[in-house]
Amino acid sequence: MALHISAASMILLAITASASSAAITQEDYPADEGDQTSSNDNLIFDDYRGKGCVDDSGFVYKLQERFFPGHSNCPCVCTEDGPVCDQPECPKIHPKCTKVEHNGCCPECKEVKNFCEYHGKSYKILEEFKPSPCEWCRCEPSNEVHCVVADCAVPECVNPVYEPEQCCPVCKNGPNCFAGTIIIPAGIEVKVDDCNICHCHNGDWWKPAQCSKRECHGKPNL
């Protein structure tokens, strides 16, 4: 009798376990998150290799279709191996360009330097200026400064002076020359002492004066 009860108990336990297993739904054991993500990824990110091309914004182009990958890229043709893009010879950027934009296939200069810089100062195109009393300069259209330095004439005196804001020296007292240690004016004879009268050479102010002796207070020259 004990053996019969034990068998019946085992049958009852088996039925209970089967009913409990049937009551468990898929919601009680959700799918692994990695499996879900993988499934979703396959729906969102398609593989277009050999089928089409994608630009920077995600737009898909068919094979042999011409498109621009981005706002600053050269035009491309979609092929099975991927985009094949033009490589044009872009014009050279001006060396004085101060603003370059890259909104197309080739970079473009949008602003060219229209002034000159000289010794820390800026000058307009074709503007003339004098950085020093002896220099005359102009800002050229090439943005370069061209200067001419004054070529001063040789002063016709032995004691020239430089005036403020003037480049070349001037002879304030006119042409002259040396008679010994004395400066005498040119163009006249000058008695430099009791016995000598001197005069400057015409045009040769750098030469010492030419002097001749005269009687010294009635005494003959020896």
Side-chain angles (χ1 to χ4, degrees), residues 53-61 65-79 81-179 181-187 200-209:
C53 302
V54 183
D55 64 9
D56 291 351
S57 61
F59 193 86
V60 180
Y61 295 86
E65 191 172 0
R66 194 173 180 84
F67 70 102
F68 290 85
H71 73 281
S72 62
N73 297 96
C74 295
C76 303
V77 175
C78 181
T79 70
D81 297 325
V84 176
C85 303
D86 295 345
Q87 297 294 331
E89 291 187 9
C90 296
K92 293 182 179 180
I93 298 297
H94 194 285
K96 299 294 183 180
C97 186
T98 57
K99 184 179 180 182
V100 180
E101 288 188 358
H102 299 271
N103 292 328
C105 183
C106 293
E108 293 184 72
C109 179
K110 294 298 183 181
E111 187 174 322
V112 178
K113 181 180 177 182
N114 58 353
F115 61 92
C116 301
E117 291 180 317
Y118 189 76
H119 291 177
K121 293 183 179 181
S122 298
Y123 300 93
K124 298 178 182 178
I125 299 297
L126 300 182
E127 182 178 356
E128 298 178 358
F129 57 96
K130 293 186 67 176
S132 71
C134 292
E135 290 180 286
W136 176 85
C137 302
R138 185 173 74 171
C139 175
E140 301 293 342
S142 61
N143 303 111
E144 297 178 350
V145 174
H146 289 175
C147 295
V148 175
V149 179
D151 186 10
C152 297
V154 178
E156 297 181 346
C157 59
V158 294
N159 57 346
V161 295
Y162 286 87
E163 295 287 351
E165 301 303 322
Q166 289 189 5
C167 173
C168 299
V170 296
C171 297
K172 297 188 68 174
N173 299 318
N176 56 35
C177 66
F178 277 111
T181 58
I182 301 173
I183 297 175
I184 63 173
C200 296
H201 295 273
N202 291 331
D204 298 333
W205 58 266
W206 63 90
K207 293 182 179 180

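Positions are given from 1 along the sequence.
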Report yes if the SG atoms of C76 and C53 are separated by under 2.5 Å, and no otherwise. no

How many angstroms lie between OH in Y61 and CZ in F68, if you round to the nearest 0.5 Å? 9.5 Å

Closest approach of K207 and H201, non-hydrogen atoms and distance? CB-CD2, 3.7 Å

Residue set satisfying salt bridge (charged side-chain N to carboxylate O under 4.0 Å, His left out) with E127, at least two apart, ordered chain then number -> none

P133 versus K130, closest heavy-atom pair with distance: O-NZ, 3.4 Å

When rounded to the nearest 0.5 angstrom, what is the spacing between SG in C85 and CZ in R66? 9.0 Å

Could you give the side-chain donor-acceptor pairs of residues 145-162 under 3.5 Å, partners two or more places apart or in another chain?
residue : atom : partner : partner atom : Å
N159    : OD1  : N176    : ND2          : 2.9

Are C74 and C105 within a span of less than 2.5 Å, counting SG to SG? yes

Return yes if some donor-acceptor pair links the side-chain N/O of N143 with the main-chain N/O of C116 below 3.5 Å, else return no. no

If you count heavy atoms of other groups shown closer than 6.0 angstrom to CD of E128, is the number above 12? yes

Go through the steps to decide whether F129 and Y118 satisfy the test side-chain contact (heavy atoms from CB on, under 4.5 Å), and finish with yes or no. CA-CA 10 Å; F129 57 96; Y118 189 76; 3.8 Å; yes

Once you round to the nearest 0.5 Å, how far does OG of S122 lie from CZ of F115? 5.0 Å

Hey, are the side chains of F178 and I183 touching, using non-hydrogen atoms and a 4.5 Å cut-off? yes

Looking only at the side chains, is there a donor atom on one of D55 and S57 sitting less than 3.5 Å from an acceptor on the other? yes

Rounded to the nearest 0.5 Å, what's the gap from CG on L126 to CD on E140? Could you check? 7.0 Å

Side chains of P185 and N173: does their closest heavy-atom pair fall under 4.5 Å? no

